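Written out below as structure tokens is the structure these notes cover.
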Amino acid sequence: MRRVDGRTHNAGMSEPAESFTDEEYAFLRHVRFGELPPRVGPDERVEFTETEPRRDRPEPAGSPDEWNLRLGPGG
């Protein structure tokens, strides 16, 4: 481990020796992600309305009576 400012420092690669400029970071973002799509103006925005059931949770399995049988009293 290295010692930095009198303290033990265990991350040898956490601090780069040199930093990029804002222009260099912008170039690297462009190389990685390409051209950004045009900005959507306030007059082009629409309100999103959910029409399908949520997909972030599975459908409940079984009826409440079936769960009462599975879990037993007090479950």
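These figures come from a predicted structure and were not determined experimentally.
R39 approaches E44 most closely through the heavy-atom pair O-OE1, 4.0 Å.
By the 6.0 Å contact criterion, CZ on R32 is open, its count of non-hydrogen atoms from other residues, nucleotides or ligands being 12 or less.
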Take E24 and T21 through the test side-chain contact (heavy atoms from CB on, under 4.5 Å) and record every step on the way to the result. CA-CA 5 Å; E24 290 170 327; T21 65; 3.3 Å; yes

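Atom CD of E23 and atom CG of L28 lie 11.5 Å apart (nearest 0.5 Å).
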